[in-house]
Amino acid sequence: MHKDIERIILTEAQIADKVTSLAKEIEKDYRHTVPVLLCILNGAFIFASDLMRALGIDVEIDFMQAASYGDKTFSKGSITILKDATIDLKGRDVLIVEDIADTCITLKGLVPKLEDYGLNSLKLCVLLNKTGVREEKDDVKIDYKGFDIPNEFVVGYGLDYDNLYRNLPYIGILKRRVYTNE
Ligand code: IMP
Ligand code: MG
């Protein structure tokens with residue numbers, strides 16, 4: 001285990017099993033179409049690549065990157081698009097692939113922008129859902145959910161702190177001293 005990790009909450013095997021079962025569900029629902037997986041950079045790139053390889057249907061992938069700004073305590077959904085999709089999404093079945101649903105400010109800002117593209121359908125796949133963070137009014141509908149996790153800062157499997165730890169194959173809670181400099 002990495003020296004900065006307090007404890008592992010999801011092992012490599014647990015994640016792999018979940019990716020397989022999510023892929024089974026997605027495959028079934030999208031068997032009559034060729035969906036576009038829309039991977040939200042940077043955090044979701046590892047999850048999206050594993051998920052894509054677990055899918056036994058034809059599928060395309062594209063990438064978007066967004067930054068949320070303003071006061072995090074207001075979920076106004078104000079975001080800036082840093083990188084837009086390059087595939088023409090009009091009329092497509094789009095599945096957003098996101099690493100984690102925390103405040104959901106990013107996702108809530110992204111959805112109306114995507115709807116403007118005139119998609120055929122839009123669904124959301126999230127590996128981790130932080131519980132006890134959002135009020136009911138701020139919730140988003142997660143169509144495919146990996147795991148509910150407690151409201152703690154996690155890293156690994158694409159998730160970072162200060163751009164580090166994305167390469168850990170498991171998901172773990174970061175030691176407090178790493179981000180408090182104690
Ligand atoms: P939001 O608060 O739901 O808008 O989350 C925005 C982004 O913050 C996520 O896509 C993650 O990249 C990042 N994030 C949120 N919680 C964590 C965490 O516990 N560890 C690492 N990154 C996180
Ligand atoms: Mg992210």
Side-chain angles (χ1 to χ4, degrees), residues 1-12 14-15 18-19 22 37-52 61-85 94-115 122-181:
M1 187 166 77
H2 192 288
K3 65 177 179 17
D4 295 343
I5 298 298
E6 178 74 43
R7 118 184 109 83
I8 294 175
I9 60 163
L10 295 166
T11 64
E12 203 172 343
Q14 284 174 306
I15 298 168
K18 187 63 81 175
V19 169
L22 287 171
L37 299 190
L38 192 59
C39 169
I40 309 303
L41 296 173
N42 293 330
F45 81 108
I46 290 186
F47 175 43
S49 72
D50 281 347
L51 184 68
M52 188 183 200
I61 191 159
D62 207 345
F63 303 89
M64 272 180 94
Q65 190 173 24
S68 55
Y69 56 87
D71 191 336
K72 275 247 167 192
T73 58
F74 292 101
S75 41
K76 276 186 285 192
S78 40
I79 58 157
T80 335
I81 304 287
L82 302 176
K83 190 226 169 286
D84 207 340
V94 174
L95 178 61
I96 297 177
V97 179
E98 177 59 306
D99 51 1
I100 189 164
D102 184 10
T103 64
C104 281
I105 290 174
T106 321
L107 283 171
K108 287 186 71 163
L110 219 53
V111 168
K113 289 189 195 289
L114 285 168
E115 283 170 345
L122 181 62
K123 284 190 176 186
L124 174 61
C125 175
V126 174
L127 181 65
L128 306 174
N129 176 48
K130 273 197 193 173
T131 56
V133 181
R134 303 176 297 274
E135 290 178 42
E136 215 170 302
K137 65 173 175 53
D138 293 329
D139 230 359
V140 295
K141 180 172 175 280
I142 300 174
D143 301 285
Y144 307 96
K145 182 172 72 179
F147 303 94
D148 284 318
I149 61 162
N151 186 11
E152 288 190 82
F153 196 81
V154 293
V155 294
Y157 198 70
L159 290 146
D160 73 306
Y161 171 70
D162 221 2
N163 270 321
L164 284 175
Y165 315 110
R166 293 193 199 275
N167 58 323
L168 301 181
Y170 49 81
I171 293 168
I173 294 172
L174 200 59
K175 285 184 179 161
R176 263 188 68 80
R177 64 156 175 78
V178 178
Y179 53 90
T180 54
N181 279 324

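All ligand and atom numbering here is 1-based and tracks the order in the structure. For the numbers below, each heavy atom of this structure counts, side chains included, while hydrogens, waters and symmetry mates do not.
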Within the 4.0 Å heavy-atom shell around [X], which atoms of ligand 1 are there?
X	result
Glu98	10 (O)
Glu152	19 (O)
Thr103	1 (P), 2 (O), 3 (O), 4 (O)
Lys130	16 (N), 17 (C), 18 (C), 19 (O)
Val154	18 (C), 19 (O), 20 (N), 21 (C)
Leu159	21 (C), 22 (N)

Please determine whether any non-hydrogen atom of Asp160 lies less than 4.0 Å from an atom of ligand 1. yes
Does Val155 have a heavy atom less than 4.0 Å from any atom of ligand 1? no
Quick one: side-chain hydrogen bond (donor to acceptor under 3.5 Å, both in side chains) partners of Lys141, sequence neighbours excluded? Asp143
N/O donor-acceptor pair under 3.5 Å between Lys108 side chain and Thr103 backbone: no
Checking the side chain of Lys83 only, and the main-chain atoms of Phe63 only, is there a donor and an acceptor separated by less than 3.5 Å? yes
Does either side chain, that of Asp50 or that of Tyr157, offer a donor lying less than 3.5 Å from an acceptor on the other one? yes
Can you give me the closest heavy-atom contact between [X] and [Y], atom names plus distance?
X	Y	answer
Tyr161	Val155	N-CG1, 3.8 Å
Gly172	Ile5	CA-CG2, 4.2 Å
Met64	Asp84	CE-OD1, 3.4 Å

Quick one: does ligand 1 sit under 4.0 Å from the side chain of Asp99, the backbone, both or neither, non-hydrogen atoms only? side chain
